[in-house]
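In the text below, chain A, chain B and the rest are named by the order of the sequence lines, each starting its count at 1.
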Amino acid sequence: MLDIRLIREKPEFVRERLATRGAGDERLVDDVLHSDEQRRQALAEVESLKAIRNRVSKEIGALLAQKKHAEAEAKKTETRELGDKISALDAQAKAAVTRRDALMLRLPNLPHESVPPGKSAAENVEVRQFGGKRAFAFPPRTHVELCEHLQLVDFARAAKLAGSGFLLFTHWGARLERALIQFLLDLHTQKHHYTEISPPFMVGPECLVGAGQFPKFRDQYYGVAEGDQPAELGKLYLIPTAETPIANLHREELLAEKQLPIRYCGYTPCFRGEAGAAGVGTRGMIRVHQFDKVELIKLVKPEEGYAEQEKMLADAERVLQLLELHYRVVLLCTGDMGFPSAKTYDIEVWAPGQGSYLEVSSVSNCEDFQARRMNLRFKSESGENRFPHILNGSGTALARLFVALLETHQQADGSVSIPAPLQPYLGTSVIRGEA
RNA sequence: GGAAGGGUGGCUGAGUGGUUAAAGGCAUCUGACUCGAAAUCAGAAGUAGGGGCAACUCUACCGUGGGUUCGAAUCCCACCCCUUCCGCCA
């Protein structure tokens, strides 16, 4: 959520920054200002009435203490009608806040000044590359072919169990998935000093609001119900990313400055409806309804937000470097960034079988946008309450990492060699077929 | 799911329908004492939102939402959460 005071004091700046996203959100600024004005008017009026009521009530108390019942009764009748006016105005003020906040929750974050302007992914800026595209002496197979040949994933039976868009890992495939999770968690906890978290895979809607997924994108998530009562629906949602529970860990808390920075990492499956995405790149493992991911989260002092983002990006890149995968880092343009983010880097890994780059990590600084939504603050050394910056980054997404790994390290005979750092986790240096 | 108890500030813990933002304690800050620190003594200090150039002032906040009342932390109703016991259960 944006700071209402910023909107009030610099509406032109806010409109200009929102406009760079190209979604037309700047048109909502006037509505916000209008309902904010209504709120303050009603507030000023009702609060002066309440001041009168409080004063008279105290006088009544004093009169009763002096046994002056007649005078007290007179004052009571005098004040009785005040209550009705107050509740009417209270309702007005409340309605204005509700209106204002409903609008505010739908305004995305303002892009940071260092973010290149642009309308779509085409205008993202490549920051750097690591490694190069592997040259093959044979036509590289796709991960689907490799998975079927090596019996790593049973696409047909996954569909039988849950429909399209789900994966059933088998044999070495299941072991590879598990090995990758373990490898990533060990790397980030032991080398990069994150604290491991294993959060719930379902959360209440307030967590999705806090992270910025609700209310605007409700249709993209899986709501679950205990039993089959429709009334139970909406109490819990399957998490779309570990960011949702982990970023909300300290919601509504007041942290001490010395607790910062806080660094968490956690493995969870991620569940996404991907509404409207059916038929687009749905073959194989690129876009699925459930995938595994190891997520990185940081809560930091605002002045350290952007330096910490660069470090987090390096932590995610390390994964691909160790796995000997070619990738590029892209700085997203204003029009391609996610709703809560002020600045986002994507890491795209090369998948030779696809002949394209796959997004395996997204490293964002959401500044205080999420912290405001979840009322997460810290008390600074000087005693003031401030909102921390909240950063999130994939470290990394698994299904696509799995794809890049197979397609990059495949051999002419259809086997897949395993990079050295992963071998202890998998217990083999090459995957040849059924375990 | 059933029963009982509980939810008050950064933490802990009192609380009578009427100067209650709410005793006391801990932690924090300032000052005194000290070469310095500890201990001790004195004092300050909640959060959020309005109004005002400002000094300042007003309002709200005792799990959440309603209600009763001139006035609610306190009384009533509903809900949420926590603890313990019972039931069910990996």
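- Atom name C1', nucleotides B/U28 and B/A45: the rounded distance is 9 Å, in whole Å.
- Within 4.0 Å (heavy atoms only), A/I60 reaches at least one base atom of the nucleic acid.
- Aromatic ring orientation, A/H188 versus A/H192: tilted (interplanar angle from 30° to 60°).
- For the pair A/K94 and B/A60, the criterion of a side-chain N or O lying under 4.0 Å from OP1 or OP2 is not met.
- Inspection of the A/S364 and A/K343 side chains reveals no N or O donor paired with an N or O acceptor under 3.5 Å.
- Less than 4.0 Å separates RNA chain B from at least one heavy atom of each of the following residues of residues 244-254 of chain A: A/L254.
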So which protein nitrogen or oxygen atoms get under 3.5 Å of nucleotides 57-59 of chain B's nitrogens or oxygens?
unit_1 : atom_1 : unit_2 : atom_2 : d
B/U59  : OP1    : A/N54  : ND2    : 3.1

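- If A/E384 and A/A44 are placed on RNA chain B by their nearest nucleotide, the residue sitting closer to the 5' end is A/E384.
- Distances from the side chain of A/R53 to the nucleotides B/G71, B/A48, B/G50 place B/G71 closest.
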A correct dot-bracket answer for RNA chain B, with pairs being Watson-Crick or G-U at under 3.5 Å, [ ] for crossing pairs and | for inter-strand pairs, is ((((((((.[[[..)..(.....]]].(((((.......))))).((((((....)))))).[[[[[..)....]]]]])))))))....
A correct 5'-to-3' footprint of nucleotides 25-30 of chain B, with B, S and - meaning base, sugar-phosphate only and no protein heavy atom under 4.0 Å, is ------
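- For A/T79, taking side-chain heavy atoms from C-beta onward, the closest of the listed nucleotides B/U47, B/G50, B/C70 is B/C70.
- Between A/E47 and A/K50 there is no salt bridge, since no side-chain N of the basic residue sits under 4.0 Å from a carboxylate O of the acidic one.
- Tested against A/L376, the residues A/L249, A/L255, A/N248 include a single side-chain contact (heavy atoms from CB on, under 4.5 Å) partner, A/L255.
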Tell me, with the steps shown, if A/D25 and A/K216 meet salt bridge (Lys or Arg N to Asp or Glu O under 4.0 Å). CA-CA 12 Å; A/D25 292 310; A/K216 204 167 175 181; 3.5 Å; yes
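- Using a 4.0 Å heavy-atom cutoff across all strands shown, A/R8 reaches sugar-phosphate atoms only and no base atom.
- Residue A/R40 places none of its side-chain N or O atoms closer than 4.0 Å to OP1 or OP2 of B/G50.
- Side-chain rings of A/F201 and A/F271 stay apart, their centers remaining 6.0 Å or farther from each other.
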List every contact pair, protein side and nucleotides 74-78 of chain B side both N or O, where the distance is under 3.5 Å.
none

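- Within residues 198-208 of chain A, no residue places a heavy atom under 4.0 Å from RNA chain B.
- Using a 4.0 Å heavy-atom distance criterion, A/L82 is classed as making no nucleic acid contact.
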